[in-house]
Amino acid sequence: MKIATFNVNSINGRLTNLLQWLDEARPEVACLQEIKCTNAAFPRKTLEAAGYGAVWCGQGPHHGVAILARDVDPIETRRSLPGNSADREARYVEAAVSGVLIGCLYLPNGNPQPGPKFDYKLDWFERLIAYAAELKQTGAPVVLAGDYNVVPTDTDIYAMRSWRTNALVQPEPRAAFVRLLSLGWTDALRKLHPDDVMYTFWDYLRHSWSRDAGMRIDHLLLSGSLAQRLVAAGVDRNVRGLANASDHAPAWVEVRD
DNA sequence: ATGACCGCTGGAAGCGGA
C-alpha cells in the first residue's frame with residue numbers, strides 16, 4: 001500500500017499536474033494540502049473519473065486539505081483537529097482507508113516570527129501532539145501525513161544562512177517535532193534514508209529548484225504497528241521540475257498490506 | 001539581498017505562502 005502526501009498549492013490550478021502524478025505514481029492514498037478551494041469547488045467528479053474517491057475540507061482562498069483513495073471512498077472520521085473549537089482554518093482531515101487511519105494535516109506556517117501567527121503554529125502543534133498521543137494509545141495503524149512546515153534538522157535544508165529567523169527552522173517547532181516523534185511515531189523517510197538529502201519543497205523564488213535549494217518539510221509519521229510494515233519511502237522530485245509545478249513535491253511510503 | 005515567485009480575489013493591489 002502506497003501512501004503519499006502532496007502540497008498541491010491550489011487543486012484546481014494544479015489539476016493537470018495532479019492527475020498526471022496520480023497516473024504515474026498510482027498511490028493507494030494521497031493526502032493533499034493547500035487545495036485552496038471551497039467545498040463546492042472541489043473537483044470531485046474529475047478525480048472520480050481518474051479512479052479516486054475523496055474526502056475534503058476546503059475553505060476558500062487559503063489552506064484546505066483532502067484525502068484521495070484509489071478505487072474506494074475514504075471513510076471520513078474527522079474534519080478538524082480537536083482542542084480548539086474556535087479554530088476555523090481547514091488544516092486537518094482524517095479518514096480510514098483499507099484498515100489504515102489516515103490523518104492529513106497542514107500545520108500553520110508561522111511567519112513572521114515572533115508574533116501571533118507563530119503562536120498559532122505552536123498552539124496547533126501542541127494540539128497535534130495531544131491528539132497524536134490519543135491515536136497512539138489505540139494501537140491502530142495510523143499515518144499522520146502532510147505539510148508540517150518544520151525543517152527537522154540543518155541537514156534537511158540546503159543552507160541556513162537566509163532562513164535563520166524563519167518560522168520553519170526555529171527551536172520551538174523543531175523541539176515540538178522531536179516531542180511528537182518521541183511519543184512513538186516514526187519519521188518514515190528518515191528511518192529508511194538516515195543520511196540522504198530528501199527535500200520536498202523548493203521556493204519559487206531565487207531559482208531555488210534549478211539550484212536544488214530545497215528543504216524537507218513534508219513528512220509521513222507512522223504509528224508503531226504501521227512502522228513495522230514500512231518497506232520503502234521516497235520523494236517524487238521530478239514533479240517539482242514539470243511545467244506549472246507546485247512548489248512542493250510528493251513524498252510517499254510503501255507499507256506491507 | 002529593500003528585491004524576486006506564485007495563486008487567490010476581484011477586476012487593482014494586497015494577502016498568504018515558506
Side-chain angles (χ1 to χ4, degrees), chain A residues 5-19 21 31-43 56-66 87-92 104-125 128 145-174 176-177 189 197-219 235 237 239-251:
Chain A
T5 182
F6 184 16
N7 181 325
V8 291
N9 187 14
S10 171
I11 193 168
N12 286 309
R14 208 75 56 207
L15 202 47
T16 303
N17 302 56
L18 175 60
L19 292 170
W21 169 69
C31 297
L32 308 180
Q33 300 84 35
E34 287 206 84
I35 61 174
K36 293 188 175 179
C37 67
T38 61
N39 283 323
F42 187 84
W56 62 94
C57 184
Q59 197 196 313
H62 303 299
H63 322 309
V65 285
D87 184 2
R88 293 278 175 257
E89 299 196 5
R91 295 182 177 276
Y92 189 81
C104 170
L105 65 101
Y106 176 45
L107 206 137
N109 169 297
N111 280 304
Q113 75 81 29
K117 293 190 175 183
F118 191 62
D119 295 341
Y120 174 60
K121 175 180 196 160
L122 297 181
D123 179 67
W124 207 95
F125 222 141
L128 178 64
D147 180 355
Y148 280 72
N149 272 318
V150 175
V151 177
T153 71
D154 288 1
T155 63
D156 292 308
I157 184 169
Y158 68 100
M160 278 293 289
R161 197 167 64 96
S162 10
W163 295 87
R164 198 164 295 282
T165 61
N166 193 283
L168 305 190
V169 301
Q170 293 311 301
E172 297 94 332
R174 281 182 165 182
F177 189 72
L189 269 71
V197 168
M198 304 286 280
Y199 300 149
T200 64
F201 166 84
W202 295 260
D203 204 311
Y204 288 125
L205 298 167
R206 295 172 290 225
H207 310 287
S208 299
W209 169 246
S210 59
R211 294 190 297 125
D212 195 22
M215 56 188 88
R216 189 172 76 97
I217 56 175
D218 301 271
H219 309 296
V235 177
R237 279 177 61 104
V239 171
R240 179 63 181 84
L242 300 175
N244 193 46
S246 167
D247 40 6
H248 294 250

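Reminder, nothing fancy here: chain letters follow the sequence lines and each chain counts from 1.
Residue A/Arg14 places none of its side-chain N or O atoms closer than 4.0 Å to OP1 or OP2 of B/dC6. For B/dG7, one of the phosphate oxygens OP1 or OP2 lies less than 4.0 angstrom from a side-chain nitrogen or oxygen of A/Asn244.
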Below 3.5 Å is the cut-off: list the nitrogen or oxygen pairs between protein and nucleotides 8-15 of chain B, distance only.
unit_1, atom_1, unit_2, atom_2, d
B/dC8, OP1, A/Ser10, OG, 2.3

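Comparing the P positions of B/dA12 and B/dG17 gives a spacing of 25 Å, expressed to the nearest Å. When the P atom is compared between B/dG10 and B/dC6, the two are found 23 Å apart, to the nearest whole Å. Between the P atoms of B/dC15 and B/dG3, the separation comes to 14 Å (whole Å). Between B/dT2 and B/dA13, the distance separating the two P atoms is 25 Å to the nearest Å.
When the nucleotides B/dC5, B/dA1, B/dG16 are ranked by their closest atom to the side chain of A/Arg161, B/dA1 comes out on top.
Remark on DNA chain B: of its neighbouring residues A/Leu205 and A/Pro112, the 5'-side contact belongs to A/Leu205, judged by nearest-heavy-atom nucleotide. Toward the 5' end of DNA chain B, the nearer of the two residues A/Gly110 and A/His207, judged by each one's closest nucleotide, is A/His207.
Computed from coordinates, the A/Gln33 CD to B/dG16 C1' distance equals 16 Å when rounded to whole Å. Look at CZ on A/Phe201: it is 17 Å from P on B/dG16, rounded to the nearest Å. For the pair A/His248 NE2 and B/dG17 P, the interatomic distance rounds to 11 Å; values are reported in whole Å. Rounded to whole angstrom, the span from the CZ atom of A/Arg206 across to the C1' atom of B/dC6 amounts to 14 Å. Rounded to a whole Å, the CG atom of A/Asn17 is 10 Å from the P atom of B/dG7. Protein atom CD of A/Gln59 is 14 Å distant from nucleotide atom C1' of B/dG17, rounded to whole Å. Between A/Tyr204 atom OH and B/dG16 atom P there is a gap of 18 Å when expressed in whole angstrom units.
No hydrogens or angles considered: nothing links the side chains of A/Lys117 and A/Asn111 as a donor-acceptor pair under 3.5 Å. With 3.5 Å as the limit, one finds a donor-acceptor pair spanning the side chains of A/Glu34 and A/Asn7. For A/Asp87 and A/Tyr120, the side-chain atoms include at least one donor-acceptor pair closer than 3.5 Å. With hydrogens and angles left out, the side-chain atoms of A/Asp212 and A/Trp202 include a donor and acceptor closer than 3.5 Å.
A distance-only check finds a donor-acceptor pair linking the side chain of A/His219 to the backbone of A/Val150 [under 3.5 Å]. The closest donor-acceptor contact from the side chain of A/Thr200 to the backbone of A/Asp218 lies under 3.5 Å.
Across all strands, A/Arg211 comes closer than 4.0 Å to no nucleic acid atom at all (heavy-atom distances). Residue A/Asn111 is in base contact, counting any heavy-atom pair closer than 4.0 Å across all strands shown. Within 4.0 Å of A/His63, counting heavy atoms only, lie sugar-phosphate atoms of the nucleic acid but no base atom. Heavy atoms of A/Tyr148 sit nowhere under 4.0 angstrom from any nucleic acid atom. Using a 4.0 Å heavy-atom criterion, one finds that A/Asn7 contacts the sugar-phosphate atoms exclusively.
Residues satisfying the side chain to side chain donor-acceptor pair (under 3.5 Å) test with A/Arg174, not counting sequence neighbours, are A/Asp154.
Here the rule is side-chain contact (heavy atoms from CB on, under 4.5 Å) with A/Arg216, and of A/Val235, A/Leu189, A/Val197, A/Val151 only A/Leu189 fits it.
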